[in-house]
Structure formats: C-alpha cells, structure tokens
Novice: 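Next up is a structure, given as structure tokens.
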Amino acid sequence: MKILFLNGPNLNLLGQREPEKYGRTTLAEIEALIRREAKVRSVEVDFKQSNVEGELVTWIQEAKGVFDAIVINAAAYTHTSIALRDAIAAVAIPTIEIHLSNIHAREEFRHRSLLAPVCRGQISGFGAFSYILGLISAVNINE
Ligand code: CA2
C-alpha cells in the first residue's frame with residue numbers, strides 16, 4: 001500500500017514560528033515520525049509540502065494509479081480552494097483531511113472546509129498526532 005501525505009502553505013514554518021499555536025515539532029520531524037510508523041505497518045509513504053496551490057493540484061492528479069490513499073493538511077487552502085476540492089473529487093483516491101489544530105474551535109473562517117465533502121473523513125486538533133491518526137485511517141481505509 002502507498003500513501004501520499006500532502007502539506008499546504010506555511011507548514012514548512014512549523015516549529016520555527018508561532019509554537020504556541022502549532023507546537024514545536026518541525027515538518028521534517030513529523031515526516032520522520034510518519035516514515036517510522038509507516039515502516040512498522042509495512043506501508044510506503046511519500047511526504048510533500050508546497051506553498052503553491054497548483055503544485056498541490058498537480059500532485060493529487062499524478063497520484064492516480066500510484067497511491068492508494070491521500071492524507072492532506074491543505075492548511076489555509078482548506079478554507080478557500082475549489083481547485084483542490086475538484087482535484088480530490090476527480091482522482092477518486094480515498095482522501096483524509098487532517099489538521100494540527102482544532103479548526104472548529106478557532107476563528108469562524110476556519111470552521112468551513114471546502115475539502116471535507118470530498119474526503120472520507122476529517123481529523124483535527126491532535127497536533128502532530130493528527131498525522132499518525134491520518135496514517136492509521138489511511139491504512140484501514142478499505143476495512
Ligand atoms: O491546524 C492546521 O493544521 C491548519 O491546517 C494550519 C493552517 C491553518 O490555516 C488552518 O486553518 C489549520 C496554517 C498552517 C500555517 O503553519 C504555520 C506554522 C508556523 C508558523 C506560521 C504558520
């Protein structure tokens with residue numbers, strides 16, 4: 001099984017800025033955690049980040065026929081991107097939306113996710129552990 005982890009804008013700053021909001025763990029540390037947990041479960045993972053909406057769209061399109069599931073933290077694009085939503089719907093790969101923070105406990109503009117209706121489910125509010133929950137959900141997506 002192959003799982004694609006996608007990360008949206010500004011997540012490359014994790015652990016370096018605003019640790020009170022998003023914690024002290026860097027994206028590279030989260031990737032290492034996910035690679036370790038994936039190995040334990042004998043699954044392959046790819047882990048990418050981009051600040052560019054179109055690049056994320058292209059990676060979703062290219063995932064067709066290559067990956068069995070996508071785990072995505074689209075960051076701010078969660079709340080704005082019809083392009084990402086359309087790409088997820090188009091490839092029809094089971095996709096899990098994840099967030100470090102609880103988006104429903106934050107500003108109102110973060111409560112709405114344009115991606116949620118085309119994802120299998122949403123994991124929100126568990127910090128770096130949201131990524132592990134995303135991995136476990138992806139591994140069991142066909143159960
Ligand atoms: O909680 C999450 O995972 C979010 O997807 C994070 C996004 C935010 O726009 C979403 O509403 C919820 C923001 C990611 C920005 O990450 C930063 C990390 C360090 C410093 C500044 C931003």
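Quantities reported herein were computed from a predicted structural model and do not represent experimental measurements. We count ligands from 1, going down the list as the structure has it; atoms in each ligand are counted the same way.
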Novice: In terms of heavy-atom contacts, does CZ of Arg106 have more than 12 from other residues, nucleotides or ligands at under 6.0 Å?
Specialist: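 More than 12 heavy atoms, drawn from other residues, nucleotides or ligands, come within 6.0 Å of this atom.
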
Novice: What pairs meet the salt bridge (charged side-chain N to carboxylate O under 4.0 Å, His left out) rule with one or both residues in residues 109-138, with sequence neighbours excluded?
Specialist: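 Sorted result for residues 109-138: Glu107-Arg110.
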
Novice: Can you name the residues that form a side chain to side chain contact (heavy atoms under 4.5 Å, CB included) with Ser137, not counting sequence neighbours?
Specialist: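 Ser137 satisfies side chain to side chain contact (heavy atoms under 4.5 Å, CB included) with Ile96, Ile123 once adjacent residues are dropped.
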
Novice: Verify side chain to side chain contact (heavy atoms under 4.5 Å, CB included) between Val43 and Lys2, making sure each step is shown before the conclusion.
Specialist: CA-CA 6 Å; Val43 295; Lys2 282 183 83 170; over 6 Å; no

Novice: Among residues at least two apart in sequence or on other chains, which ones pass salt bridge (charged side-chain N to carboxylate O under 4.0 Å, His left out) with Glu55?
Specialist: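 For Glu55 there are no salt bridge (charged side-chain N to carboxylate O under 4.0 Å, His left out) partners, ignoring immediate neighbours.
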
Novice: Measure the spacing between NZ of Lys39 and CZ of Arg36 and express it to the nearest 0.5 Å.
Specialist: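 If I round to the nearest 0.5 Å, the distance is 11.5 Å.
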
Novice: For ligand 1, what N or O to protein N or O distances fall under 3.5 Å?
Specialist:
unit_1, atom_1, unit_2, atom_2, d
ligand 1, 1 (O), Leu100, N, 3.3
ligand 1, 1 (O), Ser101, N, 2.8
ligand 1, 1 (O), Ser101, OG, 2.5
ligand 1, 3 (O), Asn73, ND2, 3.0
ligand 1, 3 (O), Leu100, N, 2.7
ligand 1, 5 (O), Asn73, OD1, 2.8
ligand 1, 5 (O), His99, ND1, 2.9
ligand 1, 9 (O), Ala76, N, 3.4
ligand 1, 9 (O), Arg110, NH1, 2.8
ligand 1, 11 (O), His79, NE2, 2.7
ligand 1, 11 (O), Arg110, NH1, 2.9

